Visitor: 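One structure, as structure tokens, below. Some questions next.
In what follows, chains are A, B, ... by sequence order, proteins preceding strands, each numbered from 1. Just so you know, these numbers come straight off a predicted model, no measurement behind them.
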Amino acid sequence: MSASTPRDIMEYRHNEVEHRWQAAWEEQGLYRAAVDWDKPKHYAVTMLPYPSGDLHMGHWYAMTPSDARARFMRMKGYNVLFPMGFDAFGLPAENAAVQRNVHPAKWTAENIDRMRKQLRSMGAMFDWDREMVSSEPSYYKWTEWFFKRMFDAGIAYRGEAMVNWSPTLQTVLANEQVIDGKDERNGQPVIQKLMEQWFFALTKYAEELLSFEGLDWPEPVKTMQANWIGRSEGAEVTFRTETDDEIVVFTTRPDTLWGATFMVLAPEHPLVDTLTKPEQQSKVDEYRVAAAAQSELERMEESREKTGVFTGGYAINPVNGARVPVWIADYVLLSYGTGAIMAVPAHDERDFEFARQFGLDVVPVIQPEGQEALDEPSMVEAFVGPGTMVNSGPINGVATTDAKGRANPSVAAAIDWLEENNAGKEAINYRVRDWLISRQRYWGSPIPMIHRRDGGLESVADADLPVVLPKDVEFSGRSPLVDNEEFLATTDSEGEAARRVSDTMDTFMCSSWYWFRYLSPQFEDAPFDPEEAAYWLPVDTYTGGAEHAVMHLLYARFFVKAMRDMGVFAETETIMRSHGRDPSGLFDEPFTMLRNQGQVLGAERLGDRLVVEGTLDRGRLVATSVRVDPDATADAGAVVGELIRRTENLLQVETESGLVGVEVPAETPVDIPEIAGSNDVSQLKHHLEIQRMSKSKGNVVNPDELVELYGADTVRTHLMFAFEWQKGGPWDTRGMVGSHRFIEDVWKLATTPYFPEQVSDKANADLRRKTHQTIAKVGDDMVEFKWNTAVAALMTLRNAMLESLKAHDVDPAVWTEALEALLKMLAPIAPHVTEELWHHLGHSDSVHTQAWPEVDAAAAVEDVVTMVIQVNGKVRDRLEVAADITEEDATAAAMSTEKVKAWLEGGEVRKVIARPPKLVNIVVG
RNA sequence: GCCCGGAUGGCGAAACCGGUAGACGCGGCGGACUUAAAAUCCGCUGCCCCUAAGGGGCGUGCAGGUUCGAGUCCUGCUCCGGGCACCA
């Protein structure tokens, strides 16, 4: 050894190593991806983050495996593009504006700056030249442009929808802002109100969205989307009211029409007013007010007792002329189907309950298979099984089965009859609704539309895009665009004075096309540069949380299909062809492969027990003092209880008599005895369940401190090791030392000089076997996103190498082969330390540009295997046998061991099941 | 309520196609080094029972079933998580 020992030089200083390599990679442009038609491409995208302020463990959990996968693909020979951006519009920025008087633009920009720095500390291979931020005009110009194209294509339209309306604030609230049917800000009631909104005709694509052909997506995601779309086959039937209005209903069971004894309309249905008789008016009005106080989710709860009110009106059943009463009930939703149903209580569970509740007629029309005829008065539940149609005029005697749609003979017969008699027609209904994209908010992409003075609508000229959000605005809780004259006043295409639409777009709209913008975020002629698109599209690997399984992914799929049909890819296709790439089918779907990670969950924690003094103002307490006191009795102050939730300065406190909203003005003193000095609201701890980490829930673990303490490489390794990636789980920092030891051991293996002493062929073969088994295992696991077992396999190799290092019993060539393979395999997971050690071994190029190690299958083969011997299915002995043992030899060996003989004594061998070389099972009796 | 998942030692987990349950790691226990602690190193570690060695029984949320053999397949439950259309 030289005078300066390796230990002096080579101490592992993770911070120094990580900062140095991050700077070096950036300088070299190691992760900048460029179009290269001579290499196969791989476009990897991980769902972009919302800039909530700090990068939390959940972000690391989502991003570092995606990064490792992208790095792995690069080592496998692909030209990899892996960009990053920010989904920067949204509600939290407006909450900050209302409650802390920070402009959303400032709040967002500051958060993004902070998160960019934190993202860099991760050491991911993000190509920052491709970054996009959805709240910048250079991005939302194209979000608006897409809206225009949708409008021109007839996909964007005006319609009505139910919204959470705050009569106090005169504005629409997000579901999140409504707690217990009240506005979380001021405790005032919130009602459901029908309002004019903008929609995208997503249902036009419902059928195509049901096909997942060619997509490598998780089965549950496909199932959830299919269920969400909810295709059902049946018929539309027209009933006429006594006032000769039409009520169209959709039913999957037109065969049971002869048993329809009443109708139910959604309380908001437009015909309710005309149908309602004067003597029923007050009851109907009362019911409609009550229904408006409930959310759709509450209304759909099936376990609730059925409620409803008779309108006094009647409609005529078109199949038999029967006069059926028309009711309204909240379990019928205006947004589903036609907002009206025909009720067949004898054969539908919900209708049955409703009929029994209100004493309505029940008329059976199916004779159950192999049972007695249904006896109406004694029925206790609806009959929904197969049988034969009865009491049904023209379709009497037709069989009814469990099949859906026309595949059911009775349904087919009923549809045919309806069509022949002009009473209805075959129809397909989808549960999915058109995409409501307008929001009555400020911090979003403006809808580039203008109301002309003549009442018409026109879109803003392309040359005038983007419609820019005005900066100088005041925040009160409702969108400042609504009364911003400077913004609203404009002129139409003919120079006439006109008004802008004050709505902005759903942020899902921004996130429905961002991976196109990554391709060329500075491109000014179109949303993306077709030269880039022709090479990189489509996205090969998309990763993100399972919570986006339906909405975001369905919108993204819809968007691409609409883009395709609007010809947005025409030029891209031409360029593809000129390079010999066939574009057919490449623009039908956005993401070829999808993988979901689970969620890193926060730990459970009780909220602080608060004692609040203050004055009551419109149902909520305005605090004059807030104090934390774990022992406070219920009468210690005006409001005493556990802090359940906090949004900026709004507290939800659980008291003995229920949830109370508390507002804490800036000047109100907050006293937390545990924390010395002056305290503020943000230091209050609120209740945490074991649930996902998110800024809004406050149960966030900050990775920065862990990076400081252990290094990014350890944090990355541990996140990939500690959980099954698809599943996630509660975060616990303690186990991290194991991953840290692993990284330090790798450091030790690579920096300790290796001298062979007692070299043996067996030791050489053993280490080579382990090395090549590990290469095979880790390679397979990385393809399948099985990070935890990949790291475990690397740890096992580490253990074997530590033994070899101690025993000095392998050739230097075998040692080096193992060491370099270990570094290369670990490189995607722990990029900094492996790069440092790679260079330490004397290489001058980057470990990240190395080819993934090749498996030597011959070296990996196991020649001796442990064979298990079972007697009657229980393990009784084990034997070391040659891996290629024959069935006869295995059986003979198994039967002849002392232990087995003892177990066989006194019994007769009835059967021997041999599965060489792993197992022999002897059945005796 | 509806749709989709999940449940394995004290903890995070592993187990290809139905074939050794608990790899890998944390924690714990015992030991070495140290004045001591930390770090590091060595050994043990699913539970229970008998024991001197060595054996035996039980065990993958619960109750059944199929099979020579079930964590894995089937039926019925329980509990937990995600989504339910304005959180992203």
Visitor: Which listed nucleotide (B:C87, B:G82, B:C24) is nearest to the side chain of A:N799?
Guide: B:C24
Visitor: Taking NZ, NE, NH1 and NH2 as the nitrogens, is one of them in A:R741 or A:E744 under 4.0 Å from a carboxylate oxygen of the other?
Guide: no
Visitor: Closer than 4.0 Å, any side-chain N/O of A:N227 to the OP1 or OP2 of B:G83?
Guide: no
Visitor: Figure out the CG/P separation between A:L553 and B:C4, and round it to whole Å.
Guide: 17 Å
Visitor: Using both distances under 3.5 Å as the test, list the Watson-Crick or G-U wobble partner of B:C2, or none.
Guide: B:G83
Visitor: Give a yes or no on whether the backbone of A:L48 and the side-chain of A:D87 come within a donor-acceptor separation of less than 3.5 Å.
Guide: no
Visitor: Students often mix this up, so state it plainly: with edges at 30° and 60°, are the rings of A:Y542 and A:H552 parallel, tilted or perpendicular?
Guide: tilted
Visitor: Hey, is B:G9 sitting syn or anti, using the within-90° cutoff around 0?
Guide: syn
Visitor: Mind checking the P distance from B:G65 to B:U72? Whole angstroms is fine.
Guide: 14 Å
Visitor: Under a 90° cut-off about 0 for the syn range, is B:C29 syn or anti?
Guide: anti
Visitor: State whether A:K899 places a side-chain N or O below 4.0 Å from either non-bridging phosphate oxygen (OP1 or OP2) of B:G54.
Guide: no
Visitor: How would you label the contact of A:W787 with the nucleic acid (heavy atoms, under 4.0 Å): base, sugar-phosphate, or nothing?
Guide: nothing
Visitor: Do A:K777 and A:D781 meet the salt-bridge criterion of a basic N to acidic O distance under 4.0 Å?
Guide: yes
Visitor: Looking for any heavy atom pair under 4.0 Å, which part of the strands does A:F508 touch: base, sugar-phosphate only, or nothing?
Guide: base
Visitor: Looking at A:S166 and A:L169, would you say the former's side chain and the latter's main chain have a donor-acceptor pair under 3.5 Å?
Guide: yes
Visitor: Write down the distance between CD (A:Q225) and P (B:A85), rounded to a whole number of angstrom.
Guide: 16 Å
Visitor: Please measure how far the C1' atom in B:C44 lies from the corresponding atom in B:G10, and state the result in whole Å.
Guide: 16 Å
Visitor: Base, sugar-phosphate alone, or nothing: which one does A:G728 contact when heavy atoms must sit under 4.0 Å apart?
Guide: sugar-phosphate
Visitor: The side chain of A:W903 is closest to which nucleotide in this list: B:G56, B:A13, B:G82?
Guide: B:G56
Visitor: Using the C1' atom as the reference point in each nucleotide, state the distance between B:C58 and B:C4 in Å, no decimals.
Guide: 35 Å
Visitor: Which part of the nucleic acid does A:L919 contact within heavy-atom distance under 4.0 Å: base, sugar-phosphate only, or nothing?
Guide: base
Visitor: Could you check which nucleotide pairs with B:G10 in any of the strands shown, counting Watson-Crick or G-U wobble with both distances under 3.5 Å?
Guide: B:C26
Visitor: Classify A:D732 by what it touches in the nucleic acid, base, sugar-phosphate, or nothing, heavy-atom distance under 4.0 Å.
Guide: nothing
Visitor: Name the nucleic acid region contacted by A:V432, choosing base, sugar-phosphate or nothing; use a 4.0 angstrom heavy-atom cut-off, strictly under.
Guide: base
Visitor: Rounding to a whole Å, what distance do you find between A:W228:CH2 and B:C2:C1'?
Guide: 11 Å
Visitor: CE of A:M224 versus P of B:A85: gap in Å, rounded?
Guide: 15 Å
Visitor: Decide whether A:D877 and A:T897 meet the rule of one side-chain donor and one side-chain acceptor closer than 3.5 Å.
Guide: yes
Visitor: Going from CZ on A:F200 to CD1 on A:I437, what distance comes out if it is rounded to the nearest 0.5 angstrom?
Guide: 4.0 Å
Visitor: Any N/O pairs under 3.5 Å between the protein and nucleotides 63-72 of chain B? List them or say none.
Guide:
unit_1 : atom_1 : unit_2 : atom_2 : d
B:C68  : O2     : A:N921 : ND2    : 2.5

Visitor: Using the C1' atom as the point on both nucleotides, what is the distance between B:G46 and B:C42, in whole Å?
Guide: 23 Å
Visitor: Take the protein atom CG of A:L333 and the nucleotide atom C1' of B:G1, then report the distance between them rounded to whole Å.
Guide: 12 Å
Visitor: Can you tell me, in whole Å, how much space there is between the P of B:U8 and that of B:G1?
Guide: 24 Å
Visitor: C1' atom, B:A63 versus B:C50: distance in rounded Å?
Guide: 32 Å
Visitor: Atom CZ of A:R798 to atom P of B:G25: distance rounded to whole Å?
Guide: 5 Å
Visitor: Counting side-chain heavy atoms from CB outward, which of B:A15, B:A85, B:A13 is closest to A:K786?
Guide: B:A15
Visitor: For the C1' atoms, the ones on B:C62 and on B:G28, what distance do you get once it is rounded to whole angstrom?
Guide: 30 Å
Visitor: Round to a whole Å and report the spacing from CG of A:D781 to P of B:A15.
Guide: 8 Å
Visitor: In whole angstrom, give me the gap between the P atoms of B:G12 and B:G64.
Guide: 27 Å
Visitor: What is the nucleic acid contact for A:V791, judged by heavy atoms within less than 4.0 Å: base, sugar-phosphate only, or nothing?
Guide: nothing
Visitor: NA contact type, A:F721, heavy-atom cut-off 4.0 Å: base, sugar-phosphate, or nothing?
Guide: base
Visitor: Assign each of A:V550 and A:T223 to its nearest nucleotide of RNA chain B by heavy atoms, then name whichever residue's nucleotide is nearer the 5' end.
Guide: A:T223
Visitor: Among B:A88, B:U20, B:G82, find the nucleotide with the atom closest to the side chain of A:V875.
Guide: B:U20
Visitor: Are A:R431 and A:W228 in a cation-pi setup, meaning NZ or CZ lies under 6.0 angstrom from the ring centre and within 45 degrees of the ring axis?
Guide: yes
Visitor: Going by purine N1 to pyrimidine N3 plus the second Watson-Crick contact, or the G-U wobble pair, all under 3.5 Å, which nucleotide sits opposite B:A53?
Guide: none
Visitor: Answer with base, sugar-phosphate or nothing: what part of the nucleic acid does A:R741 contact at a heavy-atom distance below 4.0 Å?
Guide: sugar-phosphate
Visitor: Regarding A:T714 and A:S739, is there a side-chain donor-to-acceptor distance under 3.5 Å anywhere?
Guide: no
Visitor: Regarding A:K777, tell me which of base, sugar-phosphate or nothing describes its non-hydrogen contacts under 4.0 Å with the strands shown.
Guide: nothing
Visitor: Assign A:H548 to base, sugar-phosphate, or nothing according to its heavy-atom contacts below 4.0 angstrom with the strands shown.
Guide: base
Visitor: Applying a 4.0 Å non-hydrogen cut-off, can you work out what A:T504 is touching in the nucleic acid: base, sugar-phosphate, or nothing?
Guide: nothing
Visitor: Tell me the partner of B:G76, counting only Watson-Crick (N1-N3 plus N6-O4 or O6-N4) or G-U wobble (N1-O2 and O6-N3) with both under 3.5 Å; none if nothing fits.
Guide: B:C62
Visitor: What I want to find out is whether A:D348 reaches A:R350 closely enough, with some N-O distance under 4.0 Å, to be called a salt bridge.
Guide: no
Visitor: Taking only side-chain N and O atoms of A:T796, does any of them lie within less than 4.0 angstrom of OP1 or OP2 on B:C24?
Guide: no
Visitor: Could you state the CZ-C1' distance from A:R439 to B:C87, rounded to the nearest angstrom?
Guide: 11 Å
Visitor: Tell me what A:E744 touches on the nucleic acid: a base, only sugar-phosphate, or nothing, going by heavy atoms under 4.0 Å.
Guide: nothing
Visitor: Find which nucleotide of RNA chain B each of A:M162 and A:N788 is nearest to by heavy atoms, and output the residue with the more 5' nucleotide.
Guide: A:N788
Visitor: If you look at every strand shown and take non-hydrogen atoms under 4.0 Å, does A:V737 touch a base, only sugar-phosphate, or nothing?
Guide: sugar-phosphate
Visitor: Under the side-chain hydrogen bond (donor to acceptor under 3.5 Å, both in side chains) test against A:D506, which residue among A:W435, A:W198, A:Y555 passes?
Guide: A:W435
Visitor: When you check the side-chain N and O atoms of A:T171 and A:Q440, is any donor under 3.5 Å from an acceptor?
Guide: no
Visitor: Report the base-pairing partner of B:A32 (Watson-Crick or G-U wobble, both distances below 3.5 angstrom), or none.
Guide: B:U40
Visitor: Of all the nucleotides listed (B:C41, B:C87, B:C4), which has the minimum atom distance to the side chain of A:K806?
Guide: B:C41
